[in-house]
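Source: prediction; values computed, not measured.
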Amino acid sequence: MNTYGDIGNATAGWYSRRLLSHAIPVLVLERFGLTKVLPPNETKVIEFRRSQPFTPATIPLVEGVTPDGSDFGYDTVTAQVVQYGDYSGLTDVVKDTSRDQVLRDMAVRQGEQIGETREALTWAVLRNGTSVRYAGSKTARGALDKTAVLDVKLQRSCVTDLRRNKAKKFTSILAGSDKFESYAVEACYVGVSNTDIMSHVRNLKGVIDADSFVPVARYGSQRPLSPHEAGSFEEVRYILSPDLSPFKGAGAAAGDDAAKFRVTGGKFDVYPVLYLGREAFGCIPLRGKGAVRPMVLNPNVPRGGDPLGQRGTIAWKMWFACKVLNEAWMRRAETVCSI
């Protein structure tokens with residue numbers, strides 16, 4: 001059964017790959033989550049399962065006595081799956097007379113739209129987690145002022161929390177393709193935020209000059225985690241994207257400092273910097289069969305409500321779910337940002 005409209009399975013496959021080729025480069029967050037493909041023809045609830053660790057065996061063995069042993073089990077976290085989609089109209093006149101390759105250009109823009117949609121949805125879940133530290137020794141988002149910028153102390157306190165909670169470092173990540181391929185990376189935690197804080201990230205510096213931020217250009221043989229990677233400092237590699245939006249006007253009143261900082265409505269914008277350990281969150285990936293479904297209705301094809309075939313549409317649908325799996329394996333630092 002054809003569920004793609006006026007195009008067949010082969011054309012739909014080509015169009016899907018076209019969409020993905022422009023959607024995946026936009027994605028930053030998805031590559032650092034625990035991914036699970038939505039099984040077909042099942043409920044709208046997806047389960048993320050993680051094996052439970054064993055406790056240390058600190059009791060000495062007694063000769064001839066079999067110990068109780070340890071039970072093996074899984075932690076299960078469920079998430080509700082939701083469908084998203086959009087479409088654009090196309091007339092027979094445009095298709096027949098336009099000098100532009102309209103269908104190709106629509107595929108490019110819709111692919112970017114898919115990536116930005118998924119990024120916005122994932123970021124909305126992750127930036128509202130409960131584990132947070134505020135810059136400048138503040139205790140609330142509304143108190144963040146010009147002193148509350150990203151610094152070494154804030155990063156180290158967040159990383160210390162991750163270590164204390166036994167958050168694992170990333171040693172491999174999903175490759176930037178439409179397949180489930182991964183590649184090995186040097187063990188690290190990942191910091192993600194908006195590109196506006198680039199200057200603050202670059203200013204991270206330890207006690208000695210050698211202990212300072214390392215931009216990607218100086219990595220040598222070390223492979224970047226993402227085209228959006230800015231560089232690294234100590235155990236953290238920073239990924240910055242313009243799609244990871246701040247909390248607009250959520251800080252303290254800026255007053256005379258409004259000209260020097262990012263503000264909205266006279267109050268400081270608050271920038272979340274999310275420090276991630278491995279498997280801190282889970283999501284349905286934009287990869288594999290059925291990740292996104294294109295649907296095309298060509299103009300010049302008569303149908304109900306359009307007997308002359310004057311109108312057509314180019315559309316896409318996808319399923320999405322994102323869930324924080326372990327709050328202890330992620331920390332959100334909140335800062336302000338200078339211009």
Please indicate whether [X] has more than 12 foreign heavy atoms, meaning atoms of other residues, nucleotides or ligands, lying under 6.0 Å from its [atom1].
X: Y219; atom1: OH; answer: yes
X: K169; atom1: NZ; answer: yes
X: I59; atom1: CD1; answer: no

(request) Indicate, with yes or no, if L274 and I197 share a hydrophobic cluster defined by side-chain heavy-atom contacts under 4.5 Å among Ile, Leu, Val, Met, Phe, Trp and Tyr. (result) no
(message) Do I239 and V201 sit in one hydrophobic cluster, given that two such residues count as connected whenever their side-chain heavy atoms are within less than 4.5 Å of each other, even indirectly?
(response) no
(request) Would you confirm whether the ring centroid of Y275 sits within less than 6.0 angstrom of the ring centroid of Y189? (result) no
(request) Would you check, one step at a time, whether the test side chain to side chain contact (heavy atoms under 4.5 Å, CB included) holds for C188 with L225? (result) CA-CA 10 Å; C188 65; L225 303 181; 4.1 Å; yes
Is a donor on one side and an acceptor on the other found under 3.5 Å between the side chain of [X] and the backbone of [Y]?
X: S131; Y: E327; value: yes
X: S193; Y: P272; value: yes
X: E119; Y: V28; value: yes
X: Q110; Y: I314; value: yes

(message) Is the terminal nitrogen or CZ of R127 (NZ for Lys, CZ for Arg) located under 6.0 angstrom from the six-membered ring centre of F247 and within 45° of that ring's axis?
(response) yes
(message) Name the residue from H200, R262, K260, K146 that meets the side-chain hydrogen bond (donor to acceptor under 3.5 Å, both in side chains) definition with S338.
(response) H200
I need the [X] [atom1] to [Y] [atom2] distance, nearest 0.5 Å.
X: L144; Y: T139; atom1: CG; atom2: OG1; answer: 9.0 Å
X: F281; Y: E30; atom1: CZ; atom2: CD; answer: 8.0 Å
X: T122; Y: F320; atom1: OG1; atom2: CZ; answer: 3.5 Å
X: K153; Y: S137; atom1: NZ; atom2: OG; answer: 4.0 Å

Under 3.5 Å, which donor-acceptor pairs do the side chains of residues 64-81 form with other protein atoms, sequence neighbours left out?
from	atom 1	to	atom 2	distance (Å)
D75	OD1	Q52	NE2	3.0
T76	OG1	R49	NH1	3.2

(message) Please determine whether side chain to side chain contact (heavy atoms under 4.5 Å, CB included) holds for the pair V336 and V149, giving the CA-CA distance in whole Å, both sets of side-chain angles, and the decisive distance to 0.1 Å.
(response) CA-CA 5 Å; V336 300; V149 296; 3.9 Å; yes
(request) Kindly determine whether V132 and R141 satisfy side chain to side chain contact (heavy atoms under 4.5 Å, CB included), including the steps that lead there. (result) CA-CA 10 Å; V132 59; R141 181 180 298 165; over 6 Å; no
(message) Going by the rule ring pair (Phe, Tyr, Trp, His ring centres under 6.0 Å), which residues pair with F32 if we only count those two or more places apart in sequence or in a different chain?
(response)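 So F32 forms a ring pair (Phe, Tyr, Trp, His ring centres under 6.0 Å) with F170.
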(request) Report the C-alpha distance between H228 and V192 in whole Å, list the side-chain angles of each, state the deciding distance to 0.1 Å, and finish with yes or no for side chain to side chain contact (heavy atoms under 4.5 Å, CB included). (result) CA-CA 10 Å; H228 299 271; V192 292; over 6 Å; no
In the structure I gave you, are the side-chain heavy atoms of [X] and [Y] within less than 4.5 Å of one another anywhere?
X: C337; Y: D269; result: no
X: V152; Y: Q155; result: no
X: E334; Y: K138; result: no

(message) Check this for me, if you would: do R237 and E186 make a salt bridge, where the nitrogen-to-carboxylate-oxygen distance has to be below 4.0 angstrom?
(response) yes
